[in-house]
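Taking it in order: structure first as structure tokens, then the write-up.
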Number of protein chains: 2
Amino acid sequence: MNKIDIRYLAKELNLAISTVSRALRDSHEISPETKEKVFALAKRLNYQPNANASGLRGQKSKIIAVVIPDMVNDFFSLVISGIEKITQAQGYHFLLYFTHGDHALEVSFINTLANGRVDGVLLSITDENNNNEHLEELNRKGIPLVLFDRVSERMDNVKVTSDNYESAVTATRHLIDTGCKKIAYLKVHKSIPVGTIRESGYLEALEKYSKQPAPLILECTNDNDEAFAAIRNMLEKEKPDGIFASLEKLAVVCYRVCEQIQLKIPEDIKIISFSNLQTAALLNPSLTTITQPAFEIGETAARELLRIIRKKGGAKGDVVLKSRLIERKSTSK
Amino acid sequence: MNKIDIRYLAKELNLAISTVSRALRDSHEISPETKEKVFALAKRLNYQPNANASGLRGQKSKIIAVVIPDMVNDFFSLVISGIEKITQAQGYHFLLYFTHGDHALEVSFINTLANGRVDGVLLSITDENNNNEHLEELNRKGIPLVLFDRVSERMDNVKVTSDNYESAVTATRHLIDTGCKKIAYLKVHKSIPVGTIRESGYLEALEKYSKQPAPLILECTNDNDEAFAAIRNMLEKEKPDGIFASLEKLAVVCYRVCEQIQLKIPEDIKIISFSNLQTAALLNPSLTTITQPAFEIGETAARELLRIIRKKGGAKGDVVLKSRLIERKSTSK
DNA sequence: TTTTTTTACGGAAACGTTTCCGTGAAAAGC
DNA sequence: GCTTTTCACGGAAACGTTTCCGTAAAAAAA
């Protein structure tokens, strides 16, 4: 089978390669009749321009890279779906990379991407406390970068996030409003900024709206069994009547602990959690959540990136999207 | 900022471009000392070979395409994770495409991919009943293709699936064993082969292991509200004591219906479902599932594809992976 | 009519690699 | 000591586009 490239089309039509190329790109220098002939043949032979050749010549690939920690919860699945919607609509493609929480892997990905493979990068930072020389380098090379969800304040790229502080206040206040007198805040030990920001929201709300004498913060590890033990210990010792989990996996562990030590939700203890779990409504009892606009975060980040790619450096406007409190049975009075 | 290409390295080291290229690829024609110098400079300048240029010259991109219907349930997220593990380990990249159930979109994706952009394609077919001329075309062009989960028996590409028939038998039998006398099978109207295969498993099990006089099959639409109405109607009229849902979304709808018409699970009715829902254990009551080895399907499919890419056409061995029955409260006696 | 502009196209360079082919010098074989 | 082989590298072509530059012919302007 003959491979059909632009050269073959040209030969077949008795035209110069340049003419065919221009016709395909609908240049005004080409007569309508010639265009017609070229289009017809191209369609008939299902001609597809070689991506590497165009990319090499034009110094662009129509591909962006999406770098995220992983896909173990629904949040990033939804973000990806949002990104896909935009890239698909605008004729772009995307490569997907998981850093698995490994900063070195992130550095490696970013470095190997700065070689014409992609026109831009969408990144949710793996470890926000680590250095980001690799990102500075990306900026120096002029490769558009948009950060989302897990961002670094030290970078002045466009950032797309959700209102973690405000919704943490809302969540805490919701527990207070439903009668909780002693509210615990659960986080993971790796102090990712989003965790810290949510914590300040919790503290702020306690201060302002509650009479609780002292905050009650439990720092768990990433290990589920360890978290289970820690939470159980805390529940038995401190006996809080409200729990605010900063991550959905912590809420899930809480459910298990409560089952084991026979605490009834929401009678004995109320639980609220940040979560994008699509089955939150089906848990036993259904879980009240602060749900981030994950799909919209993906859409917005992608849209911003493509805008920058086209305009070669547009306005640097951060975008903060609103999360929603979805009240369910785990916090009913 | 100077862009550092191989030409720049050559000039800097007073070497020919070809020498540098060979050194970087660790050719035996280059002396160890020269290699050292080249490696050192390349590392110092963080040189990354231009992907489009290598791709164009070498006619390969080290990128594969992954085409799936969507990511609305955990199954495909897990598959993607499995694929990522393999591509990452073997130095490949992957582009992700969603067909959203639109056959024409699948055709369009496949066609535009056959232009050197990717070295191979991993596909879960959108509509197995539709024609697959686009896939034949891909085969003719010599672009490796591996099908997974939703495959077409008419294609003789490598296929990676799970044991839908056997596990449907197992699922039905599980309901029979827990005492169900009248078991309904729930499917969606689009007769995707996987649905049909599961149905035959259900029928086979009824025939062999149950005294149920006739099968009870309900065909739902993709619309959740319609499915709700249909299931409710069926439950009230037929009063089955066991439900086998071929898709997890149907099981979820069942839960809602049961709640509304006050049927107790598992006392009044038992439910089992194909599902990869990570929170199946947390539902109320926890849901007994047939869980497909999604991650392994992704791993296997990717591994097979990369093998074919390297060997340029290896053995055509289909792979069937085993699903697991995970017994939970929705089917307890 | 002559000159200028426009139209519609052709030729060739360039994008950054990889690899084929060639070659002088050193090493090996005789 | 002469021929042959090996070694280590250089030059240039090729991958398939896009676009710059050039140019006959036709159209417009003079």
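Note: hydrogens, waters and symmetry copies are ignored here, and every other heavy atom, side chains too, is used. Just so it is clear: chains get the letters A, B, ... in the order the sequence lines come, proteins before strands, and each one is counted from 1.
For dG16(C), one of the phosphate oxygens OP1 or OP2 lies less than 4.0 angstrom from a side-chain nitrogen or oxygen of Lys3(B). In terms of phosphate contacts, Lys60(A) brings no side-chain nitrogen or oxygen within less than 4.0 Å of OP1 or OP2 of dT18(D). Contact check, Arg25(B) against dT17(C): no side-chain N or O comes under 4.0 Å of OP1 or OP2. Distances shown here put every side-chain N or O of Tyr8(B) at or beyond 4.0 Å from the OP1 or OP2 atom of dT17(C). Here Ser18(A) does not reach the OP1 or OP2 of dC20(D): none of its side-chain N or O atoms lies under 4.0 Å away. Remark: Ser31(A) is not in phosphate contact with dT7(C), judged by side-chain N or O atoms under 4.0 Å from OP1 or OP2.
The existence of a salt bridge linking Lys141(B) and Glu137(B) is confirmed by a sub-4.0 Å separation between a basic side-chain nitrogen and an acidic carboxylate oxygen. Looking at Lys62(B) and Asp119(B), no side-chain N of the basic residue comes within less than 4.0 Å of a carboxylate O on the acidic one, giving no salt bridge.
A donor-acceptor contact closer than 3.5 angstrom links the side chains of Gln90(A) and Arg310(A).
In the interface, the side chain of Arg57(A) is paired with the base of dT18(D) through a donor and an acceptor atom under 3.5 Å apart. Side-chain to base pairing of Gln59(B) with dC15(D): no donor and acceptor N or O lie closer than 3.5 Å to each other.
Close placement of the Tyr97(B) and His93(A) rings is indicated, their centers lying within 6.0 Å of each other.
The 5' end of DNA chain C is approached more closely, in terms of each residue's nearest nucleotide, by Tyr47(B) than by the other of Arg22(B) and Tyr47(B).
When rounded to the nearest whole Å, the span between CG of Leu56(A) and P of dT19(D) equals 13 Å.
Nucleic acid contact class of Leu15(B) (heavy atoms, under 4.0 Å, all strands): sugar-phosphate only. Ser21(A) comes within 4.0 angstrom of a nucleotide base, judged by non-hydrogen atoms across all strands.
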